[in-house]
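Residue numbers count from 1 along this sequence.
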Amino acid sequence: MTKKRLWITRRLSDATLERAARDYEVVINHDDTPGTAEDIIAASAEFDAIIPCHSEHFSADVVAQLDPRLKIVANHSVGVDHCDLPALAARGITITNTPDVLSDATAELAMLLMLGAARHAVAGDRLVRTGGWDSWSPAFMVGKQVTGARVGIIGMGRVGRAFAAKARGFDMDVHYYNRSELSADLAQGATYHETVESLLGVADFLSLHCPATPETTNLMNTERFAMLPAGAVVVNTARGALIDEDSLMAALDRGHVAAAGLDCFKVEPGGNPALSSYDNVFMLPHIGSATRTTRDAMGFRALDNLDAFFAGQTPQDQL
């Protein structure tokens, strides 16, 4: 039986590539550079399936030019804001993602960012590395205690719930906003808020875990940063579009927001150079799911979806 042709746009885990090569006729982008619109359009005429990452953008304009040969886009990501889902659906192209398998890794990183932001990780690390640590006093680098504090979570999906579970390990009082209230077994005692505004008022720490949509773009803006308790810490491991970065910097300048931990930015790669001047902003380069275990699991999940599709079944993660 002739193998289906598969284009893998980025350098995925070795285990993923080995399995893919076993079951498909695979072409891999060994340069590991983002696929351009031209690359995607050209590939659609040569391949039956594509496994892209969030670095490849299936805009409506790109989708309109895709060849009918392409039948499925099996994303190597949970977020699909890089895909115009209605446009793809209108072309009869199946779309899948990789939920569940990266929840713990991303929640771990959110905890790292929260702790690092709260306890002066950037300034402290720099002080020691540069030889500037030459004194100590009880007032030296006093941070914000996480244990026992109130944490607000916006978006109580898989990652949000995984983060909540880890926050409970620090005896945090968990509050959340979600499009709908969770059942008791999923909420695990977390307090539900019907509005974002209600949640912000009790969020000594705020962690964002919702998808990027037109409705959530600049979710955290000047007005909403002002609703946080004075001295709050803001964490974002979801999407850069959720935060108006100018408003965040203004809140940091006023001291109303004490610190921030960011794994994603409006512009990626690169981030926001203006944030680099803030010692109270702990930043990482969008590596929330970057563990070997999770990268293997994401690749296998994408391949599971492909296998099901080409076997005539409905992929478990079809959107």
Side-chain angles (χ1 to χ4, degrees), residues 12-13 16 51-54 73-83 85 95-115 151-170 172-193 196 199 203 205-213 215-216 219-220 234-243 261-264 284 286-305 308 314-319:
L12 304 185
S13 74
T16 299
I51 295 182
C53 297
H54 67 273
V73 174
N75 285 291
H76 186 271
S77 63
V78 173
V80 290
D81 49 299
H82 59 290
C83 294
L85 299 182
I95 312 297
T96 64
N97 65 343
T98 59
D100 300 320
V101 294
L102 52 67
S103 301
D104 282 322
T106 304
E108 286 175 2
L109 201 82
M111 291 300 300
L112 169 65
L113 289 167
M114 182 171 70
L115 291 164
V151 60
I153 299 171
I154 298 181
M156 201 67 154
R158 298 173 183 89
V159 180
R161 295 197 301 272
F163 176 77
K166 291 166 176 53
R168 291 187 193 97
F170 285 86
M172 300 189 85
D173 180 15
V174 179
H175 296 250
Y176 74 98
Y177 167 79
N178 202 48
R179 284 176 295 182
S180 58
E181 185 173 2
L182 299 181
S183 61
D185 62 317
L186 292 179
Q188 293 291 298
T191 301
Y192 173 64
H193 292 257
V196 170
L199 175 75
F205 292 84
L206 177 70
S207 194
L208 305 180
H209 297 284
C210 55
T213 67
E215 293 73 30
T216 61
L219 173 74
M220 291 305 299
V234 176
V235 174
N236 186 12
T237 55
R239 285 290 186 267
L242 303 180
I243 290 180
L262 307 174
D263 186 46
C264 43
L284 293 171
H286 206 147
I287 55 172
S289 59
T291 69
R292 288 188 178 89
T293 298
T294 297
R295 287 289 188 252
D296 284 348
M298 291 173 70
F300 287 177
R301 189 76 171 236
L303 290 171
D304 288 345
N305 287 320
T314 300
Q316 63 176 329
D317 303 312
Q318 182 170 329
L319 299 172

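- Not counting sequence neighbours, the partners of Asp317 by the side chain to side chain donor-acceptor pair (under 3.5 Å) test are Arg301, Asn305.
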Query raised in the report: Could you go step by step and tell me if Lys166 and Met114 meet the side-chain contact (heavy atoms from CB on, under 4.5 Å) rule?
Result: CA-CA 12 Å; Lys166 291 166 176 53; Met114 182 171 70; over 6 Å; no
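- For Arg158, the salt bridge (Lys or Arg N to Asp or Glu O under 4.0 Å) partners two or more places apart in sequence, or in a different chain, are Asp100.
- One distance of note links CD1 of Ile243 with CG of Leu206; it measures 8.0 Å at 0.5 Å rounding.
- The side-chain contact (heavy atoms from CB on, under 4.5 Å) test with Leu109 is passed by exactly one of Val159, Ile287, Thr291: Ile287.
- Using a 4.5 Å heavy-atom threshold, the side chains of His76 and Leu12 count as touching.
- Taking every heavy atom of both residues into account, His193 and Tyr177 meet most closely at O-CD1, 3.3 Å.
- Rounding to the nearest 0.5 Å gives a distance of 5.0 Å between CG of Leu113 and CG of Leu284.
- Minimum interatomic distance between Ser289 and Thr106 (heavy atoms only, all atoms of both residues): N-OG1, 4.0 Å.
- Checked by atom type and distance alone, the side chain of Tyr176 pairs as donor or acceptor with a backbone atom of Leu182 at under 3.5 Å.
- Put simply, the side chain of Thr216 gets close to the backbone of Pro211: a donor and an acceptor are under 3.5 Å apart.
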- Arg295 vs Arg292, side-chain contact (heavy atoms from CB on, under 4.5 Å): CA-CA, chis, key distance, verdict: CA-CA 5 Å; Arg295 287 289 188 252; Arg292 288 188 178 89; 5.9 Å; no
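- The nearest pair of heavy atoms linking Ser207 to Ala110 is OG-CB, 4.2 Å.
- His54 and His82 have perpendicular rings, their planes meeting at more than 60° on a 0 to 90° scale where under 30° would count as parallel.
- Considering all non-hydrogen atoms of both residues, Thr294 and Val101 come closest at CG2-O, 3.7 Å.
- Separating the CD atom in Gln318 from the CG atom in Asn97 is a distance of 11.0 Å, to the nearest 0.5 Å.
- None of Val235, Leu242, Thr237 except one satisfies the side-chain contact (heavy atoms from CB on, under 4.5 Å) rule with His209; the exception is Thr237.
- The shortest distance between side-chain heavy atoms of Thr96 and Asp304 does not fall below 4.5 Å.
- Within the model, atoms CG of Leu303 and CE of Met298 stand 12.0 Å from one another, a figure rounded to the nearest 0.5 Å.
- Legend: residues meeting salt bridge (Lys or Arg N to Asp or Glu O under 4.0 Å) with Arg239, ordered by chain and number and at least two apart, are Asp81.
- For the residue pair Phe163 and Val151, the shortest heavy atom distance occurs at CE2-CG2, 3.8 Å.
- Of all the heavy atoms in Gly157 and Asn178, the pair that sits closest is N-OD1, 4.3 Å.
- Of the inter-residue distances, the one linking Leu319 atom CG with Asn75 atom CG reads 7.5 Å to the nearest 0.5 angstrom.
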For this session: Walk me through it: do Val174 and Gln188 pass the test side-chain contact (heavy atoms from CB on, under 4.5 Å)?
Result: CA-CA 9 Å; Val174 179; Gln188 293 291 298; over 6 Å; no
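- With rounding to the nearest 0.5 angstrom, the CG atom of Leu199 is 8.0 Å from the NE2 atom of His175.
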